[in-house]
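Proteins get letters first, then strands, A, B, ... in listed order; numbering begins at 1 in each.
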2 protein chains.
Amino acid sequence: MTGTDGDSVINTLVDPSLDAATEAVESGFEAERLVTLFGRCTVEYDGRASSTLGLGDRHVMCKPDGSILVHTDESQQPVNWQPPGCTHEAGVAEDRLVLESERSTPDERLVVRFEQIAQVSTFAVEDATELTLDGTEEDLRNRILDDPELVEPGFTPLATERDTAAGAIDIFGEDSDGRTVAVELKRKRVGPDAVGQLGRYVDALRRDLHDDAEIRGILVSPSVTDRAAELLERNGLEFVSAAPRE
Amino acid sequence: MTGTDGDSVINTLVDPSLDAATEAVESGFEAERLVTLFGRCTVEYDGRASSTLGLGDRHVMCKPDGSILVHTDESQQPVNWQPPGCTHEAGVAEDRLVLESERSTPDERLVVRFEQIAQVSTFAVEDATELTLDGTEEDLRNRILDDPELVEPGFTPLATERDTAAGAIDIFGEDSDGRTVAVELKRKRVGPDAVGQLGRYVDALRRDLHDDAEIRGILVSPSVTDRAAELLERNGLEFVSAAPRE
DNA sequence: CTATTAATCTCGAGA
DNA sequence: TCTCGAGGTTAATAG
């Protein structure tokens, strides 16, 4: 097996002694490596909420940015975690490897106690590249700024992220009759919440502009739910179907 | 090293050959084990959105429930993933280990191509216990049902999850004067969205009950933002401060 | 720091 | 299957 010393890309121990495991984790933290453990453990969390998790086999990942993830064999989401910026510590208590992760603002603490450690690995990670993502709300905005007729013939965008007392309007513009138009963009099918958001912007515009001119609110998304459609109708708002791509 | 055969709790290969790695991953999928890989790879995703990720060292976890997670050394969130229910496949193409994860409704596909594989592990996971979590919205609801005076003296809960055309009201009840009260609960400080939600419930009640009786809407949370407070005021809604615990 | 909103949000419940 | 709302949401961005 390669990588039993701390300078290798990988350092892996299978069924390690308590001392060997502790030393591997500590030196992994020290060297700012990605550290993973697999074994039988309990987990306690206290902070914004609090939780306990009884004994079971879990996969624990500690990242050099201070985040920690505890995964079971189910679900995309970790069963417990801490966000980046936490301080990790490894120690031994009552003959068990104990991982502690803490942060402040808010005060939060995660403790993992291993009854049995099946594997410890530490990895040196080199990753220069970044993700490029398409099909976001920003793509939908760019599509509409490129071709405002997707909203309606004669629509003229005047600003993006135009600020109001209720928040920023995605696209602020006017229609062919010179009426003010607030456009709210959503990349996918939306429910009543998005209609409420648009309604608040239109209301804020009416108060901000305090004139009697008609102000239109248009929700642009691939589709809306029935309740959202009702709410649009009742609030005198409009809907235009458009998607971020295709 | 223990666990080089597929029946052990762990099966780990460090710097494996392409064939050995492929065989380990395939037998891990077959045996419904938790499979992890670490190595230099690219990732492509196409589905609800689409993304590409260039070469870099990443940790990949495939769970027996069909989920897959690709982690870099930063961030709590995976850089790419698929939800549970996907079909995993491992294969070799152009001298590289390729993992493919697919699902339908919606059609989504994730492809990981390894240029170099530093480690492959498969784990047999036994985990009978479930997480217990405190400090949730349900805890806040139970607190208030135990002691309705937390809302106000004389408040009487009549139903939880009371259905309206706009959705379910957390706590439906009446005040000491017999007026209908809709209570919306939030476990933490809230913004304008929660006020909109409460407003929709109250409006729906007014339409559903179609009488002229006054209907009160009360938001219960630890605190509200300034804009939320304004919006409450403007919509004739009320706020009571309470938290899920302490 | 706080506030606001997007997200391949995820997840669970209910129809 | 879709819809809806909670979440220790997380993450990014603006103030």
Side-chain angles (χ1 to χ4, degrees), chain A residues 45-51 67 69 74-84 103-110 131 133-141 161 163-164 166-170 184-194 197 200-201 223-228 244, chain B residues 43 45-51 67 69-70 74-86 101 103-110 131 133-141 161 163-164 166-170 184-194 197 200-201 223-228 244-245:
Chain A
Y45 158 75
D46 194 56
R48 288 167 289 176
S50 66
S51 70
S67 49
L69 305 166
E74 288 185 330
S75 175
Q76 176 176 342
Q77 294 305 125
V79 65
N80 278 116
W81 70 91
Q82 288 276 63
R103 69 161 173 166
S104 46
T105 60
D107 274 322
E108 287 192 300
R109 197 172 121 94
L110 184 74
L131 188 77
L133 182 65
D134 301 309
T136 63
E137 183 180 298
E138 192 184 349
D139 292 319
L140 176 56
R141 187 179 69 190
E161 301 296 313
D163 224 38
T164 72
I169 295 171
D170 286 335
E184 173 64 25
L185 306 173
K186 294 294 171 188
R187 63 176 297 276
K188 61 168 198 177
R189 182 173 173 85
V190 297
D193 51 338
Q197 204 180 330
R200 293 199 298 276
Y201 297 156
S223 60
V224 297
T225 66
D226 290 350
R227 272 186 194 162
Chain B
V43 188
Y45 158 75
D46 193 56
R48 287 165 289 177
S50 66
S51 70
S67 50
L69 306 167
V70 182
E74 288 185 333
S75 175
Q76 176 176 342
Q77 296 304 126
V79 65
N80 279 114
W81 69 91
Q82 288 274 64
C86 297
S101 171
R103 69 161 174 165
S104 48
T105 57
D107 273 322
E108 286 193 301
R109 197 172 120 94
L110 184 74
L131 187 77
L133 181 65
D134 301 308
T136 63
E137 183 179 300
E138 192 184 349
D139 292 319
L140 176 57
R141 186 179 70 190
E161 301 297 311
D163 224 38
T164 73
I169 296 172
D170 287 334
E184 174 64 25
L185 306 174
K186 294 293 172 190
R187 63 175 298 277
K188 60 171 195 177
R189 181 174 175 86
V190 297
D193 52 338
Q197 202 179 330
R200 292 198 299 277
Y201 297 157
S223 60
V224 297
T225 67
D226 289 351
R227 272 186 193 162
R245 46 179 192 165

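- Summarising the geometry, the separation between CG on A:L131 and C1' on D:dT10 is reported as 15 Å, rounded to the nearest angstrom.
- To the nearest whole angstrom, the two P atoms, one in D:dG8 and one in D:dC4, are 22 Å apart.
- The OH-P distance, from B:Y45 to C:dT8, rounds to 8 Å in whole Å.
- Taking atom CD of residue B:E138 and atom C1' of nucleotide C:dC11, one finds them 15 Å apart after rounding to whole Å.
- Using a 4.0 Å heavy-atom cutoff across all strands shown, A:P83 reaches at least one base atom of the nucleic acid.
- Picking from D:dT3, D:dG8, C:dT8 the nucleotide with the shortest atom distance to the side chain of A:N80 gives D:dG8.
- Nucleotide C:dC1 forms a Watson-Crick or G-U wobble pair with D:dG15, both donor-acceptor distances falling under 3.5 Å.
- Considering B:V70, B:N80, B:V43 as possible partners of A:L131, the one that fulfils the side-chain contact (heavy atoms from CB on, under 4.5 Å) test is B:N80.
- In this structure, B:G135 and B:R245 approach most closely via the heavy-atom pair CA-CD, 4.2 Å.
- Note: CG (A:D170) to P (D:dT13) measures 15 Å, nearest angstrom.
- Across all strands shown, A:S51 has no heavy atoms under 4.0 Å from either base or sugar-phosphate atoms.
- What separates CD of A:Q77 from P of D:dG8 is a distance of 10 Å, to the nearest Å.
- Comparing D:dG5, D:dT9, C:dT5 against the side chain of B:Y201 picks out D:dG5 as the nearest.
- For the pair B:R141 CZ and D:dA6 C1', the computed distance is 12 Å after rounding to whole Å.
- OP1 or OP2 of C:dT10 lies within a sub-4.0 Å distance of a side-chain N or O belonging to B:W81.
- For a distance-only test at 3.5 Å, the side chain of B:E137 fails to qualify as a donor-acceptor partner of the base of D:dG7.
- The residue among B:D163 and B:Q82 whose nearest nucleotide of DNA chain C is located toward the 5' end is B:Q82.
- Side-chain contact between A:T225 and A:R189 is present, with at least one heavy-atom pair separated by less than 4.5 Å.
- As a whole-Å value, the separation of A:R227 CZ from D:dT3 P is 11 Å.
- Contacts of B:P78 with the nucleic acid, taken as non-hydrogen atoms under 4.0 Å apart, are absent.
- A:D226 contributes no side-chain N or O that forms a donor-acceptor pair with the base of D:dT3 under 3.5 Å.
- The side chain of B:E184 approaches D:dA6 more closely than any other nucleotide in the set C:dT8, D:dA6, D:dT9.
- Looking at the side chain of A:K186, the nearest of the listed nucleotides D:dC4, C:dA6, D:dG8 is C:dA6.
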TODO: Go through A:E108 and A:Y45 one step at a time and tell me if the side chain to side chain donor-acceptor pair (under 3.5 Å) criterion holds.
DONE: CA-CA 8 Å; A:E108 287 192 300; A:Y45 158 75; 2.5 Å; yes
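- Closest to the side chain of A:P192, out of C:dC11, D:dC4, C:dT4, is D:dC4.
- Residue contacts for A:E161: at a heavy-atom cut-off of 4.0 Å it reaches no nucleic acid atom on any strand shown.
- Dashed line: the shortest gap from a side-chain N or O of A:R187 to OP1 or OP2 of C:dC9 is under 4.0 Å.
- Annotation: of the two residues near DNA chain C, A:D134 and A:R200, the 5′-most nearest-nucleotide partner is A:R200.
- Spacing of P atoms, C:dT4 relative to C:dT8, comes out at 23 Å, to the nearest Å.
- For a distance-only test at 3.5 Å, the side chain of A:D193 fails to qualify as a donor-acceptor partner of the base of D:dG5.
- The phosphate of D:dA11 (OP1 or OP2) has a side-chain N or O of B:S75 nearer than 4.0 angstrom.
- Candidate nucleotides C:dA6, D:dA6, D:dG8 were compared by shortest atom distance to the side chain of A:Q197, and C:dA6 ranks first.
- Nearest heavy atom pair, residue A:V190 against residue A:A194, reads CB-CB, 3.9 Å.
- DNA chain D is contacted by both A:A228 and B:T105; B:T105 maps to the nucleotide lying nearer its 5′ end (nearest heavy atom per residue).
- Screening A:T136, A:L140, A:D134 for a side-chain contact (heavy atoms from CB on, under 4.5 Å) with A:P244, the sole residue that qualifies is A:L140.
- Among the atoms of the strands shown, only primed sugar atoms or phosphate atoms (P, OP1, OP2) are found under 4.0 Å from some heavy atom of A:A166.
- OP1 or OP2 of C:dT8 has not a single side-chain nitrogen or oxygen of A:T136 nearer than 4.0 Å.
- Checking C:dT8, C:dC11, D:dG8 against every side-chain atom of B:R48, the shortest atom distance belongs to C:dT8.
- Across all strands, A:S50 comes closer than 4.0 Å to no nucleic acid atom at all (heavy-atom distances).
- Proximity of A:K188 to the phosphate of C:dA6: no side-chain N or O atom is located under 4.0 Å from OP1 or OP2.
- Across all non-hydrogen atoms, the minimal contact from B:L133 to B:D139 is O-OD2, 4.2 Å.
- Taking the C1' atoms as reference points, C:dA7 lies 14 Å from D:dG7, given to the whole Å.
- A distance of about 12 Å separates the C1' atoms of D:dG5 and D:dT9, rounded to the whole Å.
- Side-chain proximity of B:A49 to C:dT8, D:dG8, C:dT4: nearest is C:dT8.
- In the set C:dC9, C:dT8, C:dA3, the nucleotide with an atom closest to the side chain of B:R189 is C:dA3.
- For A:L69 and C:dT10, the CG to C1' distance is 15 Å, given to the nearest whole Å.
- Counting heavy atoms from C-beta on, the side chains of A:E184 and A:Q197 come closer than 4.5 Å.
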